[in-house]
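Right, one structure below, let's go through it.
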Amino acid sequence: MQTNNKQNKHLSDLSFNEQCYLLLRKIPKGRVTTYKAIAEALGTKAYQAVGNAMNKNPNPINVPCHRVVNTDGRLGGYAFGLEKKMALLTKEGVVVAEGRIVDFKNVFFDFQDLSD
DNA sequence: GGAATGACATTTA
DNA sequence: CTAAATGCCATTC
């Protein structure tokens with residue numbers, strides 16, 4: 001690859017992390033998804049890679065990265081601070097207790113729901 | 001081109 | 001149920 005070319009943005013060829021952001025934007029308020037769901041939605045198993053993309057968090061304002069949690073229903077982590085993430089989710093209407101989401105399945109947003 | 005990292009997931013003890 | 005170990009994939013140094 002070129003030594004230094006970070007600005008190489010091919011609109012027709014979105015990077016893995018770019019696609020993750022697109023999916024996050026589809027997530028409605030009060031709903032949460034998992035890293036696994038995103039990875040699977042992209043046709044891969046890069047669960048950790050998805051979280052990695054969030055950690056870079058190039059645009060936390062356009063992407064609700066706080067709506068992404070672990071499959072266990074736990075918050076996982078947050079670049080701005082786990083406390084902030086929990087606060088945001090709570091404000092969105094998601095109930096969080098003991099560090100995990102209550103009725104996780106109820107607030108879980110499945111991307112497959114969009115295909116229909 | 002290769003090693004190291006990470007906001008994960010799954011299995012086994 | 002909790003803890004540890006292993007696997008997996010993409011990005012970054």
Side-chain angles (χ1 to χ4, degrees):
Chain A
M1 306 178 166
Q2 310 296 341
T3 40
N4 50 358
N5 244 354
K6 322 173 60 168
Q7 286 290 311
N8 272 5
K9 266 190 105 174
H10 300 273
L11 302 176
S12 299
D13 191 41
L14 295 175
S15 296
F16 180 84
N17 101 2
E18 289 283 336
Q19 298 190 52
C20 297
Y21 308 142
L22 292 177
L23 290 173
L24 294 195
R25 278 193 189 181
K26 298 176 183 180
I27 301 176
K29 190 158 57 160
R31 281 278 161 69
V32 294
T33 187
T34 69
Y35 304 95
K36 181 175 164 51
I38 298 173
E40 292 272 305
L42 295 177
T44 182
K45 285 90 183 171
Y47 313 130
Q48 188 141 38
V50 176
N52 226 350
M54 303 290 100
N55 183 266
K56 304 316 175 61
N57 209 348
N59 48 354
I61 300 154
N62 304 326
V63 182
C65 18
H66 61 271
R67 291 182 189 148
V68 188
V69 297
N70 291 358
T71 51
D72 296 10
R74 298 212 161 158
L75 300 182
Y78 194 56
F80 279 75
L82 198 58
E83 306 275 327
K84 195 74 176 180
K85 185 175 186 176
M86 175 170 55
L88 283 165
L89 289 172
T90 303
K91 282 213 269 209
E92 297 290 319
V94 180
V95 184
V96 182
E98 298 295 303
R100 67 187 182 111
I101 297 176
V102 181
D103 294 324
F104 176 56
K105 290 166 54 74
N106 195 31
V107 294
F108 176 73
F109 178 79
D110 204 326
F111 294 102
Q112 300 219 11
D113 200 47
L114 297 169
S115 298
D116 189 53

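All values below come from the heavy atoms of this structure, side chains included, with hydrogens, waters and symmetry mates left out.
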*So, do N62(A) and R25(A) sit near enough that their side-chain heavy atoms are less than 4.5 Å apart?*
yes

*Do the non-hydrogen side-chain atoms of L89(A) and M86(A) ever get within less than 4.5 Å of each other?*
no

*What integer distance in Å separates N17(A):CG from dA10(C):P?*
13 Å

*Measure across F80(A) and N57(A) and return the closest heavy-atom pair with its distance rounded to 0.1 Å.*
CE1-ND2, 4.0 Å

*What is the distance from CD1 of I38(A) to C1' of dC8(C), rounded to the nearest Å?*
16 Å

Result block: side-chain N/O donor-acceptor pairs under 3.5 angstrom for residues 32-54 of chain A, not counting sequence neighbours:
from: T34(A); atom 1: OG1; to: A37(A); atom 2: N; distance (Å): 3.1
from: T44(A); atom 1: OG1; to: A46(A); atom 2: N; distance (Å): 3.4

*Just by protein heavy atoms under 4.0 Å, how would nucleotides 3-9 of chain B read 5' to 3' in B, S and -?*
--BBBBS

*Quick one: E18(A) CD to dT11(C) C1', roughly how many Å, whole number?*
13 Å

_Check: V69(A) and K85(A) side chains under 4.5 Å, non-hydrogen atoms_ = yes

